[in-house]
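First comes the structure, then the notes that go with it.
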Amino acid sequence: MHYILAVLLPLLGFLVLGLASAFKLRCPRSKKVLPVFATSVLGLSLILNSVAFFNIFIVGHDSVTIDLFTWLNVADLEVSFGLMLDKLSVLMLFVVSLISFLVHFYSLEYMKEDEGKVRFFSYLGLFTFVMFTLVTAPNLLQLFLGWEGVGLASYLLIGFWYKKDSATKAGIKAFIVNRVADLALIAAIILTFSNLGSLDITYIIDNVGLLEEDNQLNIIAILLFIGAMGKSAQFGFHTWLPDAMEGPTPVSALIHSATMVSAGVFLVVRMSGLFEFSDILPIIAIVGMLTAIFASLVGLAQKDIKKVIAYSTCSQLGYMFFACGVSAYSAAMFHLFTHAFFKALLFLGAGAVIHACNHEQNMFKMGGLRKIMPFTFVLMWIGSLGLLGVPPFSGFFSKDFILESAFMAGTDIGLWVYVIGTFGAMLTAIYSCRVIFLVFNSQTNLSKEDEKHAHEVNSIMLIPMIVLAFGAVVAGFLGQAMTHTDFWNDSIVIINSTGVENAHNIPAFFKFLPLALVLLGIIVADLVILKKRGLKLLMKVSGLHTLFENKFYIDELYGKTVVKPYKVVSSLAQVIDTHLIDRFVNSIAEFTLFIAKKSRKLQTGLVHDYNLMFLLVLIGALAVLIIRTI
C-alpha cells in the first residue's frame with residue numbers, strides 16, 4: 001500500500017493546488033500555506049520511496065509488480081495500469097522524489113514574491129507524478145502516458161512566466177521538438193504490439209527473438225532510440241534544452257538533473273534486453289559521443305550562467321548514452337545517479353547567484369561574489385568538482401567508470417568512446433571553472449544597483465544546496481554496488497559485459513589520463529579567465545569563439561531548412577484556404593440564401609394563391625401521367 005501512496009501523493013498536491021489556483025482562492029494565507037502543503041506532500045513521498053529504495057535496492061528484496069486496474073481492454077489489447085518496482089525503478093523513484101522535494105523546499109524562498117507561486121507548485125507536483133508514472137510503468141503504453149505527461153508538465157513550467165514572450169516561445173519549442181521525436185516512439189510501440197501482441201515490458205524482453213524476423217527488431221530499436229534522443233536532448237534534438245532556461249531556475253534544476261532529460265536514458269536502459277540483440281548500439285554510442293563533444297564546445301563560449309550548465313547537462317547525457325552504446329548500462333545508471341546531485345546543486349547555486357544579483361544571468365556582468373556569497377561559492381565549487389570528476393567527488397567514480405568500461409570493451413567503438421570522453425572531460429573542466437572564475441573570482445562587473453542588491457541567500461535556499469553537496473561527495477561511494485552487472489538482476493539485460501566486468505583492470509595510464517586532462521583544463525581556465533592569456537585570443541582570431549557562441553548555427557540551419565519552408569507552405573495553404581476553399585463554401589451559402597430569398601415570395605399567406613399553385617401542380621402531374629400512358 002505504501003508503494004502506491006508514494007506514487008500518488010504528488011498527484012494529490014497537484015489537484016489541491018491546481019484547484020486552488022483555478023478558482024483563484026483569495027485567502028492571503030493560502031499563498032503561504034499551499035506551497036508548504038505541496039512541499040510536505042513531497043517530503044512524505046520521499047520518505048515512502050526511501051523505504052522502497054532501501055528494501056529493494058539495498059537489502060535486495062524481490063521486485064514487486066502491482067496491477068491497480070485494467071486500463072484498456074479492446075479486441076486483443078489488454079493493458080493494466082500498475083507499478084513495476086525493481087531496482088531500476090526504485091532508484092529512479094528515490095532520485096526523482098529527492099530532487100523534487102529539494103526543489104520544492106528551495107522554491108519556497110525563490111518563488112516567495114511571485115504572484116503565481118500556487119500555480120507553480122501545482123505544476124511541480126504534476127511533473128513529479130507523471131515522472132513517477134513513467135519510471136514505474138510495467139508496459140509501454142503507461143510509459144508513453146508518463147512520457148507525454150512529462151512533456152506537458154515541462155511545457156507548463158518552461159513557459160510559466162507566460163507574459164514573457166521568450167518563455168512562451170521556449171515552452172512551445174520544447175513541446176514541438178519533443179513531439180517530433182515522440183512520433184518515432186509511437187511508431188515503435190505500434191510495431192511492437194503488431195509483432196508481439198503485447199505491450200508488457202517483461203513479455204517483450206522475454207520474447208525479443210520473435211522480433212528478429214524481417215529486421216523488425218532493428219527498426220523498433222532505432223525508433224525507440226529516436227524517442228529517447230528527443231527527451232534527453234541528444235544532438236539534432238538538443239535545441240530545446242538551452243531555451244528551457246527561460247523557466248524559473250528551480251525548474252531548470254528539476255528538468256536537468258534527474259527527471260525529464262534522464263527519461264531517455266532510462267528508456268534505453270529499461271529496454272536493454274531489446275537493444276542488446278539489435279545492431280544499433282554503435283549508433284547510440286556515436287550519437288552520444290557527438291552530443292558530448294558538441295555540447296562541451298558550445299558551453300565554452302556561452303555568457304548566460306544557466307545556459308553553460310544546460311549544455312553541461314547535454315554533454316553528460318551524451319556520456320550516459322555512449323555508455324549504453326558499449327553495453328555499460330550499469331555505468332550509465334551510476335552516472336545518472338551521481339549526476340543528479342551535482343547538476344541540481346549547480347543549477348540551484350546558479351539560482352542563488354541570479355537571485356542575489358537582481359536576476360542578472362550574464363556572467364560577464366557579475367564577478368567578485370566570493371566574499372559576498374561565501375557559502376554559495378563553496379557549494380558551487382563542490383558541484384563543479386563533482387562534475388569534473390575530481391576525487392573524492394562522485395563524478396570521479398561514475399564518469400571514469402564509463403570511460404574505463406568503454407576502453408576495456410575491446411572494440412573500435414569503445415576506444416573512440418574513451419578518446420572522445422577523455423577529451424570532453426578536459427573541456428568540461430574549462431567551461432565549469434570558467435563559470436566559477438567569472439562569477440566569483442574575477443573583478444566585479446556588477447552595476448551599482450546589482451552590487452547593492454547582492455547578498456548571500458538565506459537558509460531556506462542553502463539547506464537544499466548543502467544536502468545536494470553532501471550527495472555530490474558521497475554518491476560515488478554509495479553507488480559502487482551499481483558497477484556490478486549481477487547487482488541489477490533482471491532489471492538490466494547485458495549480453496556482452498566484458499567492458500563493465502574488466503573496467504577496474506584498465507592500465508594505470510589510461511585510468512588516470514582523464515583526471516590529468518581535467519587538471520590541465522583547470523589550468524587552462526585559470527590562464528584564460530583570470531590571467532587573460534592565450535586561448536581566448538586564439539579562438540577569436542580563428543573564428544571558433546563566434547562559432548561556439550552561436551551554437552554552430554544549428555538553430556539558424558533549422559530556421560532556414562525547416563521553419564522557413566514550413567512558413568511558406570503555411571502561407572500558401574492560407575491563401576488556398578481563404579481564396580479557394582472558403583470562397584467555394586461561401587458561394588454555396590450565398591446561392592442558398594439567393595434561392596431562399598426568391599422562393600420565400602411564394603409564401604404570400606393568401607388561400608387563393610395556394611389553391612392556384614395546388615391546381616397547377618395537379619395539372620402538371622396529370623399531364624405527366626397522360627404522356628407516360630401514351
Side-chain angles (χ1 to χ4, degrees), residues 1-11 45-74 76-97 128-150 185 188-189 192-193 196-211 220 224 262-263 265-276 329-330 333 336-337 481-482 485-494:
M1 181 63 187
H2 66 277
Y3 294 136
I4 301 172
L5 187 60
V7 172
L8 292 180
L9 277 171
L11 178 62
S45 178
L46 172 60
I47 292 170
L48 296 174
N49 281 323
S50 298
V51 172
F53 177 76
F54 181 80
N55 288 338
I56 296 176
F57 195 86
I58 298 177
V59 177
H61 288 180
D62 292 337
S63 302
V64 178
T65 301
I66 303 172
D67 287 335
L68 297 178
F69 56 88
T70 299
W71 183 17
L72 286 177
N73 191 356
V74 181
D76 295 330
L77 175 62
E78 183 175 344
V79 180
S80 295
F81 194 96
L83 307 176
M84 181 167 66
L85 299 168
D86 57 6
K87 287 187 174 181
L88 186 59
S89 58
V90 295
L91 172 65
M92 293 297 296
L93 282 174
F94 172 72
V95 172
V96 172
S97 56
T128 307
F129 169 69
V130 291
M131 192 68 198
F132 284 175
T133 302
L134 191 160
V135 299
T136 58
N139 58 75
L140 289 179
L141 195 60
Q142 183 179 327
L143 184 145
F144 186 72
L145 175 68
W147 192 271
E148 293 303 299
V150 170
L185 181 57
I189 293 172
T192 302
F193 177 73
L196 295 180
S198 174
L199 295 176
D200 182 80
I201 292 174
T202 303
Y203 181 86
I204 293 169
I205 301 301
D206 290 341
N207 294 275
V208 70
L210 299 177
L211 297 172
I220 292 171
L224 285 173
S262 66
V265 179
F266 171 80
L267 175 63
V268 173
V269 176
R270 170 61 82 195
M271 302 302 293
S272 57
L274 185 146
F275 283 101
E276 279 293 284
Y329 304 100
S330 55
M333 290 307 300
L336 186 153
F337 175 67
M482 300 183 203
T485 54
D486 57 353
F487 170 81
W488 294 96
N489 296 333
D490 297 329
S491 299
I492 297 176
V493 177
I494 304 178

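When reading the values below, keep in mind they use all heavy atoms of this one structure, side chains included, and skip hydrogens, waters and symmetry mates.
Scanning all heavy atoms of the two residues, the minimum distance from F275 to V268 falls at CD1-O, 3.6 Å. Residue D62 comes nearest to I56 through the heavy atom pair O-CG1, 4.2 Å, listed as atom of the first residue, atom of the second, then distance. When all heavy atoms of V135 and R270 are compared, the closest pair comes out as O-NH2, 3.8 Å.
Note that CE of M92 is 13.5 Å distant from CG of L85, once rounded to the nearest 0.5 Å. Note that CZ of F57 and OG of S491 are 9.0 Å apart. Values are rounded to the nearest 0.5 Å. From L140, atom CG reaches atom OG1 of T192 across 6.0 Å, with rounding to the nearest 0.5 Å. Between the CG atom in N139 and the CH2 atom in W71 there is a gap of 7.0 Å [rounded to 0.5 Å]. Distance check: D86 CG to I492 CD1 gives 9.0 Å after rounding to the nearest 0.5 Å.
When atom types are taken as modelled, the side chain of N207 and the backbone of L210 share no donor-acceptor pair closer than 3.5 angstrom. When atom types are taken as modelled, the side chain of S45 and the backbone of A6 share a donor-acceptor pair closer than 3.5 angstrom. Panel note: side chain S80, backbone G82; no donor-acceptor pair is recorded below 3.5 Å. With hydrogens and angles disregarded, a donor-acceptor distance shorter than 3.5 Å links the side chain of S272 to the backbone of V493. One N or O on the side chain of W488 and one on the backbone of M482 form a donor-acceptor pair closer than 3.5 Å.
With a 4.5 Å cut-off on side-chain heavy atoms, I204 and M271 count as touching. Taking 4.5 Å as the limit, every side-chain heavy atom of F193 sits out of range of all side-chain heavy atoms of L141. Residues V79 and Q142 are not in side-chain contact: their nearest non-hydrogen atoms beyond the backbone lie 4.5 Å or more apart. No side-chain heavy atom of D200 sits less than 4.5 Å from a side-chain heavy atom of M84. Taking 4.5 Å as the limit, every side-chain heavy atom of N55 sits out of range of all side-chain heavy atoms of V90. In this structure the side chain of T136 never reaches within 4.5 angstrom of the side chain of Y3, judged on heavy atoms. Side-chain contact check for L199 versus L77: some heavy-atom pair is nearer than 4.5 Å.
Checking each of V269, L336, L267 against S262 for a side chain to side chain contact (heavy atoms under 4.5 Å, CB included) leaves exactly one that passes, namely L336. Under the side chain to side chain contact (heavy atoms under 4.5 Å, CB included) test applied with F132, the options L9, L83, L11, N49 reduce to a single match, N49.
Ring geometry for F94 against F53 counts as parallel: the plane angle stays under 30°, on a 0 to 90° scale with 60° as the upper cut.
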Pair L211-L274, side-chain contact (heavy atoms from CB on, under 4.5 Å): steps then yes or no: CA-CA 9 Å; L211 297 172; L274 185 146; 4.1 Å; yes
Apply side-chain contact (heavy atoms from CB on, under 4.5 Å) to residues L8 and F129 and explain how you reach the verdict. CA-CA 7 Å; L8 292 180; F129 169 69; 4.0 Å; yes
side-chain contact (heavy atoms from CB on, under 4.5 Å) evaluation trace for L185 with L224: CA-CA 5 Å; L185 181 57; L224 285 173; 3.5 Å; yes
Given M333 and K87, is the side-chain contact (heavy atoms from CB on, under 4.5 Å) satisfied, shown in steps? CA-CA 11 Å; M333 290 307 300; K87 287 187 174 181; over 6 Å; no
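For CG of N73, the number of neighbouring non-hydrogen atoms (other residues, nucleotides, ligands) closer than 6.0 Å is greater than 12.
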